[in-house]
Asks: 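Shown below is the structure under consideration.
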Amino acid sequence: MASRSGNLSVTLLLSLICVLIICSVNAQLSANYYDSSCPRLQRIVRNALTPSVRRDRRLGASLLRLHFHDCFVNGCDGSVLLDDTSTLTGEKNAFPNMNSLRGFDAIDTIKTRVEAACKDTVSCADILALAARDGTVLLGGPSWTVPLGRRDSTTASQMQANIDLPPPTDDLSALISKFANKGLSAKEMTVLSGSHTIGQAQCSSFRAHIYNGTNINAAFARTRQARCPASAPNGDTNLAPLDLQSPNSFGSDYYQNLVAKRGLLHSDQELFNGGSQDDLVRTYSRNNRAFRNDFAAAMIKMGNISPLTGTAGEIRKNCRVPN
Ligand code: HEM
Ligand SMILES: *[C@@H]1O[C@H](CO)[C@@H](O)[C@H](O)[C@H]1NC(C)=O
């Protein structure tokens with residue numbers, strides 16, 4: 001008898017826990033979040049972005065990176081978009097972001113159009129998640145359905161940005177652990193690094209690798225040295241494509257470069273350096289479809305890092321300042 005009622009209370013307790021878990025899952029993001037409050041949202045974002053990316057192809061890459069740098073610092077909460085003020089230290093001047101992040105004006109333009117159609121309704125964090133997806137698609141990348149309902153932070157953390165965002169000098173184990181800290185696997189780290197199939201990097205980000213790297217094709221290193229002098233700060237801001245083959249077109253050639261030891265960043269080449277990710281890099285180098293599918297799934301997961309939902313945070317009126 002005692003054990004039977006004990007079993008009953010255990011069952012009740014388990015059901016209660018299940019309900020609580022389902023509730024918390026329901027409080028999470030959903031693809032149709034703005035269907036009634038802002039039905040034209042996705043078209044507004046795409047229509048605002050398309051001409052801008054046609055004009056400046058790199059912008060598609062810059063927006064993808066901006067979303068990554070938002071999500072890795074206290075979750076996808078629009079914190080990366082906040083400007084520094086006398087009372088708030090934003091993330092824009094953290095080391096991985098300073099003189100490097102781009103795309104803020106494009107986000108402002110989209111936000112203005114979204115506000116005109118749906119005032120005080122759509123968060124900057126959600127606009128950034130949609131812009132990252134659309135930027136990827138406009139450069140030939142895969143599409144995915146973006147879960148929505150994120151709210152915006154009222155604060156930012158420059159210190160956390162310096163701690164959580166990986167520098168290009170990281171080795172494989174540091175990269176794996178920084179992604180593990182955000183609930184992402186080594187495989188997801190490797191597929192998300194495939195973002196470097198688009199966009200550019202500055203000489204200061206890859207100088208040490210092209211002069212002192214031990215796992216780099218010599219001819220490739222010489223080519224990159226031509227526009228990246230050995231002694232800083234000479235040529236610090238000179239750009240080179242992260243994917244030497246096609247920096248404005250999304251594809252598995254990034255992984256082909258790694259197999260050929262033509263990764264631009266030290267951190268890129270760490271994914272193919274005799275370690276645990278070699279097989280996966282080889283697979284993606286031959287299988288563009290697997291890369292695209294896994295990339296889309298990992299982007300949804302990255303976009304789900306600790307969002308503010310419900311009544312947490314706010315819907316910012318201007319993405320650069322808390323209300
Ligand atoms: C795995 C660790 C990663 C490291 C160490 C890293 C590092 C970097 C660095 C140093 C740059 C060049 C910045 C500059 O020189 O101004 C860069 C560019 C870029 N990163 Fe990453 N990144 C990583 C992962 C990611 C992820 C997960 C994404 C997106 C999901 C991403 C997207 C991009 C894009 C698209 C660019 C080009 C941006 C542009 O042209 O404006 N990266 N990354
Ligand atoms: C390469 O390594 C040497 C020896 O450690 C160092 O003096 C030099 O500054 C490094 N060069 C670059 C470009 O990192």
Side-chain angles (χ1 to χ4, degrees), residues 53 56-72 76 80 94-104 106 128-129 131-133 135-136 138-139 141-142 144 164-182 184-214 216 221 224-225 228-243 247-248 250 254 258 263-271 277 294-303 305:
V53 174
D56 169 18
R57 307 280 288 162
R58 186 184 174 198
L59 178 61
S62 304
L63 291 168
L64 175 59
R65 183 171 189 232
L66 208 47
H67 180 46
F68 163 50
H69 283 214
D70 184 25
C71 292
F72 260 54
C76 314
V80 74
F95 290 110
N97 295 342
M98 197 182 0
N99 300 321
S100 176
L101 284 185
R102 306 171 73 246
F104 298 111
L128 181 50
R133 190 268 317 268
T136 303
L138 285 165
L139 297 187
W144 59 91
D164 288 350
L165 293 170
T169 46
D170 270 359
D171 65 13
L172 182 59
S173 69
L175 294 170
I176 290 174
S177 96
K178 286 196 172 98
F179 279 68
N181 288 342
K182 302 296 163 188
L184 296 169
S185 67
K187 180 177 179 181
E188 286 162 338
M189 185 277 292
T190 295
V191 78
L192 289 172
S193 296
S195 296
H196 294 173
T197 174
I198 52 176
Q200 308 276 327
Q202 305 178 61
C203 166
S204 55
S205 300
F206 56 81
R207 177 182 281 123
H209 182 56
I210 61 170
Y211 284 98
N212 282 341
T214 53
I216 185 170
R224 286 293 166 262
Q225 287 167 7
C228 181
S231 56
N234 297 314
D236 265 10
T237 60
N238 291 356
L239 294 175
L242 282 157
D243 168 5
N248 291 327
F250 194 102
Y254 166 78
L258 298 188
L264 184 63
L265 305 179
H266 172 74
S267 52
D268 290 324
Q269 199 58 60
E270 278 292 291
L271 306 181
Q277 301 305 294
D294 293 355
F295 184 84
M299 282 302 298
I300 292 172
K301 197 156 164 203
M302 188 185 87
I305 299 174

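In listed order, ligands and their atoms are each counted from 1.
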Asks: Under the rule for side chain to side chain donor-acceptor pair (under 3.5 Å), what residues qualify as partners of S204, not counting sequence neighbours?
Replies: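 In terms of side chain to side chain donor-acceptor pair (under 3.5 Å), with neighbours along the sequence ignored, S204 is linked to no residue.
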
Asks: Would you check if R58 and L239 make a side-chain contact, meaning some heavy-atom pair closer than 4.5 Å?
Replies: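 Yes, at least one pair of side-chain atoms sits under 4.5 Å.
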
Asks: L59 and G103: which non-hydrogen atoms are nearest, and at how many Å?
Replies: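 Smallest interatomic distance, heavy atoms only, reads CD1-CA, 3.8 Å.
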
Asks: When you measure from the side chain of N234 to the backbone N and O of S231, does any donor-acceptor pair fall under 3.5 Å?
Replies: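 Flag set: sc N234 to bb S231 pair under 3.5 Å.
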
Asks: Using a heavy-atom cut-off of under 4.0 Å, does the side chain or the backbone of P167 touch ligand 1, or both, or neither?
Replies: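 The backbone, only.
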
Asks: With a 4.5 Å limit on heavy-atom distance, are the side chains of F68 and S195 in contact?
Replies: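 No, side chains not in contact.
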
Asks: Please say whether R207 places an N or O atom under 3.5 Å from an N or O atom belonging to ligand 2.
Replies: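 N/O-N/O distance below 3.5 Å does not exist for this pair.
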
Asks: Leaving out waters, which are not shown anyway, how many protein N, O or S atoms lie closer than 2.8 Å to atom 21 (Fe) of ligand 1?
Replies: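 Atoms of protein N, O or S type lying less than 2.8 Å from atom 21 (Fe) of ligand 1 total 1.
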
Asks: At a 4.0 Å threshold, what atoms of ligand 2 neighbour a non-hydrogen atom of A208?
Replies: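 Selected atoms, number and element: 14 (O).
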
Asks: What's the separation between atom CG in N248 and atom CD in Q200, rounded to the nearest 0.5 Å?
Replies: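 One gets 7.0 Å once the value is rounded to the nearest 0.5 Å.
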
Asks: Should K301 and L192 count as side-chain neighbours, where that means a heavy-atom distance under 4.5 Å?
Replies: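 Sidechains of L192 and K301: no contact.
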
Asks: For atom 16 (O) of ligand 1, find the nearest protein heavy atom and state the residue, atom name and distance (0.1 Å precision).
Replies: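 Going by distance alone, atom 16 (O) of ligand 1 is nearest to S100 OG, 2.6 Å.
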
Asks: Looking at side-chain heavy atoms only, is the closest gap between F72 and N181 below 4.5 Å?
Replies: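 In short, these two side chains do not touch, never coming nearer than 4.5 Å.
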
Asks: Applying a strict 4.0 Å limit to heavy atoms, is D170 in contact with ligand 1?
Replies: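 Contact check D170 vs ligand 1: negative.
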
Asks: For atom 35 (C) of ligand 1, what is the nearest protein heavy atom, given as residue, atom name and distance?
Replies: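 Here the nearest protein heavy atom works out to A61 O, 3.1 Å.
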
Asks: Number the atoms of ligand 2 from 1 as they appear, then name those within less than 4.0 Å of a heavy atom of A230, with their elements.
Replies: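 Listed by number with element, the hits are 13 (C).
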
Asks: Please identify which of these residues, I216, L265, L264, T214, meets the side chain to side chain contact (heavy atoms under 4.5 Å, CB included) condition with H209.
Replies: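 Of the listed residues I216, L265, L264, T214, the side chain to side chain contact (heavy atoms under 4.5 Å, CB included) partner of H209 is I216.
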
Asks: Any nitrogen or oxygen of S62, side chain or backbone, less than 3.5 Å from one on ligand 1?
Replies: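 Yes - when backbone and side-chain N and O of S62 are compared with those of ligand 1, one distance drops under 3.5 Å.
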
Asks: Under a 4.5 Å cut-off applied to non-hydrogen side-chain atoms, are L184 and I305 in contact?
Replies: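 In short, these two side chains touch, coming nearer than 4.5 Å.
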
Asks: Closest non-hydrogen protein atom to atom 40 (O) of ligand 1, residue and atom name please, with distance?
Replies: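 Of the protein heavy atoms, R58 NE, 2.7 Å lies nearest.
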
Asks: Could you list the atoms of ligand 1 found under 4.0 angstrom from a heavy atom of F179?
Replies: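 Reading through ligand 1 atom by atom, the close ones are 1 (C), 2 (C), 27 (C).
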
Asks: At what distance is the nearest protein heavy atom to atom 12 (C) of ligand 2, and which residue and atom is it?
Replies: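 Protein heavy atom with the smallest distance to atom 12 (C) of ligand 2: N212 ND2, 3.5 Å.
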
Asks: Do I198 and R57 touch side chain to side chain, with heavy atoms closer than 4.5 Å?
Replies: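 No, their side chains stay 4.5 Å or more apart.
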
Asks: If you scan the protein for heavy atoms around atom 10 (C) of ligand 2, do you find one that is closer than 4.0 Å?
Replies: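 Under the 4.0 Å cut-off, atom 10 (C) of ligand 2 does have protein heavy-atom neighbours.
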
Asks: Below the 3.5 angstrom mark, is there an N/O of S267, backbone or side chain, next to an N/O of ligand 1?
Replies: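 No; the residue has no nitrogen or oxygen that sits under 3.5 Å from a nitrogen or oxygen of the ligand.
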
Asks: At what distance is the nearest protein heavy atom to atom 3 (C) of ligand 1, and which residue and atom is it?
Replies: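 The closest one turns out to be P166 CG, 3.8 Å.
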
Asks: Quick one: closest heavy-atom pair of H266 and P168, and the distance?
Replies: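 It is CB-O, 3.3 Å.
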
Asks: Measure the shortest side-chain to side-chain distance between D236 and Q202 over non-hydrogen atoms and say whether it is less than 4.5 angstrom.
Replies: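 No, too far: nothing below the 4.5 Å cut-off.
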
Asks: Protein heavy atoms: any of them under 4.0 Å from atom 14 (O) of ligand 2?
Replies: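 Yes; the ligand atom in question has protein heavy-atom contact below 4.0 Å.
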
Asks: Do the rings of Y254 and H196 sit parallel, tilted or perpendicular, given the 30° and 60° boundaries?
Replies: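 Y254 vs H196 ring planes: perpendicular.
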
Asks: Is E270 reaching over with its side chain to a backbone N or O of S267, donor-acceptor style, under 3.5 angstrom?
Replies: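 Side chain of E270 to backbone of S267: no pair is present.
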
Asks: Which protein heavy atom lies closest to atom 12 (C) of ligand 1, and at what distance to 0.1 Å?
Replies: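 The closest one turns out to be A201 CB, 3.6 Å.
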
Asks: Based purely on interatomic distance, does N99 place a nitrogen or oxygen under 3.5 Å from a nitrogen or oxygen of ligand 1?
Replies: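 No; every N/O pair is 3.5 Å or more apart.
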
Asks: Quick check on F206 - does any of its heavy atoms sit under 4.0 Å from an atom of ligand 1?
Replies: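 No, F206 has no heavy atom closer than 4.0 Å to ligand 1.
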
Asks: At a 4.0 Å threshold, what atoms of ligand 1 neighbour a non-hydrogen atom of L175?
Replies: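 Here the atoms of ligand 1 in question are 1 (C), 2 (C).
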
Asks: Please find the pair of heavy atoms, one from Y211 and one from A230, that lie closest to each other, and give the distance.
Replies: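 Answer, listing the atom of Y211 first, then A230: OH-N, 3.2 Å.
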
Asks: Run the numbers for me: atoms of ligand 2, each under 4.0 Å from some heavy atom of Y211, listed by number.
Replies: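 Under 4.0 Å from Y211, ligand 2 has these atoms: 13 (C).
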
Asks: Protein non-hydrogen atoms only, distance under 4.0 Å: does atom 2 (O) of ligand 2 have such a neighbour?
Replies: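 Within 4.0 Å: yes, protein heavy atom nearby.
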
